[in-house]
Undergrad: 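Sharing a structure, written as structure tokens. Questions coming.
Naming convention: chains lettered A, B, ... in sequence-line order (proteins, then strands); numbering from 1 in each chain. Side-chain atoms are counted along with the backbone in the values below, which use heavy atoms only and exclude waters and symmetry mates.
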Amino acid sequence: MKYDFPNIEPKWQKRWEEAHVFEASSDHTKPKFYGLVEFPYPSGAGMHVGHIKAYSGLEVISRKRRMEGYNVLFPIGFDAYGLPTENYAIKTGIHPRQVTDKNIERFTSQLKRVGFSFDWTRVVDTTEEKYYKWTQYIFLKMFENGLVFRDTALVNYCPSCKVVLSNEDSQGGKCDICHSDIVQKSKDVWYLRITEYADKLLQGLEGVDYLPQVKQQQVNWIGKSTGAFVNFAVTGTDEKLRIYTTRPDTLYGVTFMVIAPEHPMLDKLSDRIANMDEIVAYREVCAKKTEFERTQLVKEKTGVRIEGICGINPVNGKEIPIYTADYVMMGYGTGAIMAVPAHDERDYEFAKKFGIDIIEVIKGGDIEKEAYTGDGEMVNSDFLNGIATKKEAIEKMLAYLGEQGIGEAGVQYKMKDWAFNRQRYWGEPIPIVHYPKCGMVPVPYEELPLRLPEIKEFAPGEGGESPLAKIDSYVNCSCPKCGGAAKRETDTMPQWAGSSWYFLRYIDPKNDQCLADMDEMKYWLPVDWYNGGMEHVTRHMIYSRFWHKFLYDIGEVPTSEPYAKRTAQGLILGPDGDKMSKSKGNVVDPNEVVDAYGADVLRVYILFMGDYASAAPWSESSVKGCKRFLDRVAELSSMVKEENNAKLESAFHKMLKKVSSDIEEMKFNTAIAAMMGLLNEIYDHGSLTRDQLLTFIKALCPFAPHLCEEMWEQLGGEGFCSLTAWPQYDEAKTIDETVELAVQVNGKVRGKVELPLNADRDTALAIAKAAPSVAAAIEGKTLVKEIVVPNKIINIVVR
RNA sequence: GCGGGUAUGGCGGAAUUGGCAGACGCGCUAGAUUCAGGUUCUAGUGGGGGCAACUUCGUGGAGGUUCAAGUCCUCUUACCCGCACCA
């Protein structure tokens, strides 16, 4: 029998909604479970099967938690600010608000069609005034606490989108949105001082249960290194050239110094530099290179000797040449390095090219051939000579630097401050007013939200300024401090702003007094389980942890970490095994699958495809296999007979044990396989009892809830299947009284024997040897060893 | 270059963590049902050999440890994902 999914599915979706089945309760006496999935960007393309996979994992877990008696918060919302909507507005002239509303409506109906058990009463939309008021509020709190600053800097700029991008949004030198090459442009940039939280972000990882790759990626992204700052005198000046090094132990091996082409010292000492023309020319060449070229394509070292000045090595007073070269970045450390060619590959390459001395200070390599970066005995290093380990040499040197006042231990991070403004319309307005006398003045809290004005032209200006800059009524305002005629900031926040705290708002989405009620937050936080894509690990995850830690420090939230546990789903690839993309034409539309097979089939298939965390290609015929499975489940109703069968009963308990534990480990594919296996056993047996069928339906309910509700109702079950108690298994019944053991002779299986559970060694061996095939294999041979692993295997070694 | 991961039938993938490799699904083969296509049902399905019971080989490759290796160790190859001149 095929079940009538086109009627069953809408019927139960409606009933769930009417009965408020999936709404989180305010009863704080019950144990809670807060399951969070990354809320979607409501794009014009509609839902993708990838969305379904991303939500299906916690969907099953949340449904199981409800059946286990938890008060479950499983919310959804929309991360609706962003460039695609804005670009669409620029192209068509349709206001982003209208586009966003339409897209949200479409996403909502598509999500509901799949039967996700979201709490639809708590939907948040980051572009709503009532929401972004609080995004602005958090920004102002950061401003108040010195975490916001403005600087003119070389920034990543996308000439095609005409927008400034953060490092996170321009990985690999390509624009994250349009994939054009990024150029460096000097701009006024708003920064959030995320580096202030680098250490806290790192330390916080110790107490959370994230997938190891997730932790690792965050650790690498933060990129903490320990070393030392050392000050080098510059000949003929009072200048100190400050460098950062992780290898202060090699200070006696320094033979030159290198500063970044953008280093301010070049301009400062320009009148002392003999070849300033050459240096300016070099700097211009470097500035033209994109970040991409500079870091990836050009492996050949380039640089220019700075004539007229030298550095003085503070440990031995030696004069050494200074170069400027673009292999040293202004954005890391101090933008200047001491170069030790004997023990650093880059410095070695540079020294070889420019004919600079190479002095060995650590034994163990052959510096004629290459730089030696390993450990070894110190030489040519005065008081360090003879020391055998890097650790000890560094300690000694650090102590010396301190005594002499020429340097000190220091820490550096790869992570940079977060460039936070965008010259765009469709984002949260930055609530700051500029007035020459008062500087940057925050918009008073009472005036929030600072609303986006209504405009008709959404394109940014040619110079890359925000479209808001053209709206005089918006720009001109009075200074909140002194009342003078001031100008409003016209940049908006990046897309990552609203998503940095949305999980707090779900807890109390309608609160107009604060982000969310403290008592509610104390009950619901932290998020118990957060699932999302690996692509957000170094952006959204780091940003939101930063905001949360800041909010914790100012007493606005009760926990120092937002997420207790983080997992990630793998991609769904196209049927051809490639990443799904419109241009390849291999995109699977979830709606068509629901039309053809039903939502339950879609849900079961997506979780059955393979390991949840791995990528797997779509297979239409495997979808049919899942349809067959559910059709066969529906057929069980006609197989109910009240005659018990101990073997089948035991199979049920084994299935429940497997399904219960597999769901917890996100091994949904094997959980479904276990149910399929049991189904086959039921068919072989020809019948099952009503209780057994009810048990089967309960276990399947988180995966295929519509079919299960329907069968539950037909069998006379009380209330909703989705709210009945999760079926418990009896451990004793999962254990068979006898076990079949393979008997090996010299490691090869020669027979199988049926043994009572936990049979003792002698009994087991006696029965094993009695088996004809085993007896034949050991006949006439000398017994060497007998291995009996209870209930697992018997191996008889003969010669 | 650094960090992380993966490799198992024709395909997606299992394997109680060192104990019968290939669960479950797809596909395929044969048969039944059907006017036919589809559906459904039954049986079979890693390779080689054999009518068969059976036998032999088999988890990217080469070694090793072990009574026993997909699983542990050493070396190696290919691919995927991060980061990337980070001093």
Undergrad: For B:U59 and B:U6, measure between their C1' atoms and round to the nearest Å.
TA: 14 Å

Undergrad: In the structure shown, which nucleotide is the Watson-Crick or G-U wobble counterpart of B:A69, with both distances under 3.5 Å?
TA: none

Undergrad: Is the backbone of A:Lys301 close enough, under 3.5 Å, to the side chain of A:Lys353 for a donor and an acceptor to pair up by distance?
TA: yes

Undergrad: What's the gap between B:G82 and B:C28 when it is taken at their P atoms, as a whole Å value?
TA: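 Comparing P positions in B:G82 and B:C28 gives a spacing of 36 Å.
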
Undergrad: If B:G25 has a Watson-Crick or G-U wobble mate with both distances under 3.5 Å, name it; if not, just say none.
TA: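 Partner of B:G25: B:C11.
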
Undergrad: Does B:G5 fall in syn (glycosidic angle within 90° of 0) or anti?
TA: anti

Undergrad: B:C20 P sits how many Å from A:Glu754 CD, rounded?
TA: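 Taking CD of A:Glu754 and P of B:C20, I get 17 Å after rounding.
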
Undergrad: Checking A:Asn680 against A:Arg632 for the side-chain hydrogen bond (donor to acceptor under 3.5 Å, both in side chains) test, could you report, in this order, the C-alpha distance in whole Å, the side-chain angles of both residues, the deciding distance, and whether it holds?
TA: CA-CA 9 Å; A:Asn680 290 342; A:Arg632 276 157 59 90; 2.8 Å; yes

Undergrad: What N/O pairs connect the protein and nucleotides 44-47 of chain B at under 3.5 Å? Give each pair on its own line.
TA:
none

Undergrad: Quickly work out the A:Lys667 NZ to B:G12 C1' distance and round it to whole Å.
TA: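 Taking atom C1' of B:G12 as the reference, NZ of A:Lys667 is at 17 Å.
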
Undergrad: Let me know the distance between CZ of A:Phe354 and C1' of B:C85, rounded to the nearest Å.
TA: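 Distance, rounded to whole Å: 14 Å.
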
Undergrad: Within the 4.0 Å heavy-atom criterion, would you say A:Ala336 contacts the bases, only the backbone, or no part of the nucleic acid?
TA: nothing

Undergrad: Can you measure from CD1 (A:Ile337) to CZ (A:Phe350) and round to the nearest 0.5 angstrom?
TA: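 So the CD1 of A:Ile337 and the CZ of A:Phe350 are separated by 8.5 Å.
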
Undergrad: Under the rule for salt bridge (Lys or Arg N to Asp or Glu O under 4.0 Å), what residues qualify as partners of A:Arg305, not counting sequence neighbours?
TA: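 Once residues adjacent in sequence are excluded, A:Arg305 has no partner under the salt bridge (Lys or Arg N to Asp or Glu O under 4.0 Å) criterion.
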
Undergrad: Base, sugar-phosphate alone, or nothing: which one does A:Asp611 contact when heavy atoms must sit under 4.0 Å apart?
TA: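 Sugar-phosphate contact only.
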
Undergrad: Could you tell me whether A:Gln744 contacts a base, only the sugar-phosphate backbone, or nothing, with contacts defined as non-hydrogen atoms closer than 4.0 Å?
TA: base

Undergrad: Name the closest nucleotide to the A:Ile337 side chain, picking from B:A87, B:G12, B:G19.
TA: B:A87

Undergrad: Heavy atom of residues 756-769 of chain A under 4.0 Å from RNA chain B: which residues?
TA: none

Undergrad: Does B:G46 pair with anything, Watson-Crick or G-U wobble, both distances under 3.5 Å, and if so, with which nucleotide?
TA: B:C57

Undergrad: Is the closest side-chain donor-acceptor distance between A:Ser225 and A:Gln412 under 3.5 Å?
TA: no

Undergrad: Do any pairs count as a salt bridge (Lys or Arg N to Asp or Glu O under 4.0 Å) and have a residue in residues 650-670 of chain A, sequence neighbours left out, and if so which ones?
TA: A:Lys64-A:Glu664, A:Arg65-A:Glu664, A:Lys654-A:Asp736, A:Lys657-A:Glu731, A:Lys658-A:Asp662, A:Glu665-A:Lys667

Undergrad: Suppose you measure atom P in B:G22 against the same atom in B:G44; what distance do you get, rounded to whole Å?
TA: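 Nearest-Å result for B:G22 against B:G44 at atom P: 15 Å.
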
Undergrad: I'd like to check the salt bridge (Lys or Arg N to Asp or Glu O under 4.0 Å) partners of A:Arg566; sequence neighbours left out, ordered by chain and number.
TA: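 Counting only residues at least two positions away or on another chain, A:Arg566 forms a salt bridge (Lys or Arg N to Asp or Glu O under 4.0 Å) with A:Glu38.
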
Undergrad: Is the glycosidic torsion of B:U17 within 90° of 0, making it syn, or is it anti?
TA: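 In terms of base orientation relative to the sugar, B:U17 is syn.
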
Undergrad: What is the separation between atom CD1 on A:Ile787 and atom P on B:A69, rounded to the nearest whole Å?
TA: 12 Å

Undergrad: Work out how far the C1' atom of B:C20 is from that of B:A68, and round it to whole angstrom.
TA: 11 Å

Undergrad: How many Å lie between CH2 on A:Trp618 and P on B:G13, as a whole number?
TA: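 Atom-to-atom, A:Trp618 to B:G13, this comes out as 14 Å.
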
Undergrad: Please measure how far the C1' atom in B:G38 lies from the corresponding atom in B:A52, and state the result in whole Å.
TA: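 After rounding to an integer number of Å, I get 38 Å for this pair.
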
Undergrad: Decide yes or no for A:Asn669 and A:Tyr612: does some side-chain heavy atom of the first lie under 4.5 Å from some side-chain heavy atom of the second?
TA: no

Undergrad: Looking at A:Tyr332, I'd like to know whether one of its side-chain N or O atoms comes within less than 4.0 Å of OP1 or OP2 on B:A87.
TA: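 Answer is yes, contact under 4.0 Å.
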
Undergrad: Given the ring of A:Tyr332, does A:Lys416 sit roughly above its face, with NZ or CZ under 6.0 Å from the centre of the six-membered ring and within 45° of the axis?
TA: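 Verdict for A:Tyr332: no cation-pi partner in A:Lys416.
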
Undergrad: Does A:Lys224 have any side chain to side chain donor-acceptor pair (under 3.5 Å) partners at least two apart in sequence or in another chain, and if so, which?
TA: A:Asp199

Undergrad: At a heavy-atom distance below 4.0 Å, what parts of residues 792-799 of chain A sit against RNA chain B?
TA: A:Lys792, A:Ile793, A:Asn795, A:Val797

Undergrad: How many Å lie between OH on A:Tyr244 and P on B:C85, as a whole number?
TA: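 Whole-Å distance recorded here is 16 Å.
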
Undergrad: Scan nucleotides 23-27 of chain B against the protein and return all N/O pairs shorter than 3.5 Å with their distances rounded to 0.1 Å.
TA:
residue	atom	partner	partner atom	Å
B:G25	OP1	A:Asn680	ND2	3.1
B:C26	OP1	A:Arg628	NH1	2.6
B:C26	O2'	A:Ser621	OG	2.7

Undergrad: Taking atom types as modelled, is there a side-chain donor on A:Tyr327 or A:Asp347 under 3.5 Å from an acceptor on the other?
TA: yes

Undergrad: Go nucleotide by nucleotide along RNA chain B from the 5' end; which of A:Ser614 and A:Asp684 gets its closest nucleotide reached first?
TA: A:Ser614

Undergrad: With sequence neighbours left out, write down each residue that passes side chain to side chain donor-acceptor pair (under 3.5 Å) with A:Ser581, or none if nothing qualifies.
TA: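 Partners of A:Ser581 by the side chain to side chain donor-acceptor pair (under 3.5 Å) criterion, ordered by chain and then number, come out as A:Ser583.
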
Undergrad: Write down the distance between CE (A:Met655) and P (B:U16), rounded to a whole number of angstrom.
TA: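 The distance from CE of A:Met655 to P of B:U16 comes to 20 Å, rounded to the nearest Å.
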
Undergrad: Could you check which nucleotide pairs with B:G37 in any of the strands shown, counting Watson-Crick or G-U wobble with both distances under 3.5 Å?
TA: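 None - no nucleotide pairs with B:G37, as no candidate has both distances under 3.5 Å.
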
Undergrad: Above 12 or not: heavy atoms from other molecules or residues under 6.0 Å from NZ of A:Lys390?
TA: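 Open: at most 12 neighbouring heavy atoms sit under 6.0 Å from NZ of A:Lys390.
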
Undergrad: Hey, can you pull the residues of residues 729-743 of chain A with a non-hydrogen atom under 4.0 angstrom from RNA chain B?
TA: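 Per residue number, the list reads A:Glu740, A:Ala742.
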
Undergrad: State, yes or no, whether a side-chain contact exists between A:Tyr413 and A:Ile194 at a heavy-atom distance under 4.5 Å.
TA: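 SC-SC contact between A:Tyr413 and A:Ile194 ruled out.
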
Undergrad: What residues form a side chain to side chain donor-acceptor pair (under 3.5 Å) with A:Asp730, not counting sequence neighbours?
TA: none

Undergrad: Please report, rounded to the nearest Å, how far the C1' atom of B:G4 is from the CG atom of A:Asn220.
TA: 8 Å

Undergrad: Expressed in whole Å, how much space separates the P atoms belonging to B:G60 and B:G70?
TA: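 It works out to 10 Å between them.
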
Undergrad: Looking only at atom C1', what distance separates B:A23 and B:U8, rounded to whole Å?
TA: 13 Å

Undergrad: Specify the residue among A:Gln216 and A:Gly747 whose closest nucleotide of RNA chain B lies further upstream toward the 5′ end.
TA: A:Gln216

Undergrad: Which atoms form the tightest heavy-atom contact between A:Asn313 and A:Leu251, and what is the distance?
TA: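 Closest heavy-atom pair between A:Asn313 and A:Leu251: ND2-O, 2.9 Å.
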
Undergrad: Output all residues satisfying side chain to side chain donor-acceptor pair (under 3.5 Å) with A:Ser622, sequence neighbours left out; order by chain, then residue number.
TA: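 With sequence neighbours excluded, A:Ser622 shows a side chain to side chain donor-acceptor pair (under 3.5 Å) to A:Ser619, given in chain and number order.
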
Undergrad: With a 4.5 Å heavy-atom cut-off, do A:Leu202 and A:Ile222 have their side chains touching?
TA: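 A side-chain contact under 4.5 Å exists here.
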
Undergrad: Tell me the partner of B:U6, counting only Watson-Crick (N1-N3 plus N6-O4 or O6-N4) or G-U wobble (N1-O2 and O6-N3) with both under 3.5 Å; none if nothing fits.
TA: B:A78

Undergrad: Under a 3.5 Å limit for both distances, which nucleotide forms a Watson-Crick or G-U wobble pair with B:G1, could you say?
TA: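 Looking at the geometry, B:G1 pairs with B:C83.
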
Undergrad: Counting Watson-Crick and G-U wobble pairs only, both distances under 3.5 Å, name the nucleotide matched with B:G18, or none.
TA: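 Its partner is none (no Watson-Crick or G-U wobble pair with both distances under 3.5 Å).
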
Undergrad: Less than 4.5 Å apart, side chain to side chain, heavy atoms only: is that true for A:Ile259 and A:Tyr323?
TA: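 Sidechains of A:Tyr323 and A:Ile259: no contact.
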
Undergrad: Considering only the C1' atoms, how many Å lie between B:A15 and B:G46, rounded to the nearest integer?
TA: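 About 16 Å, rounded to a whole number of Å.
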
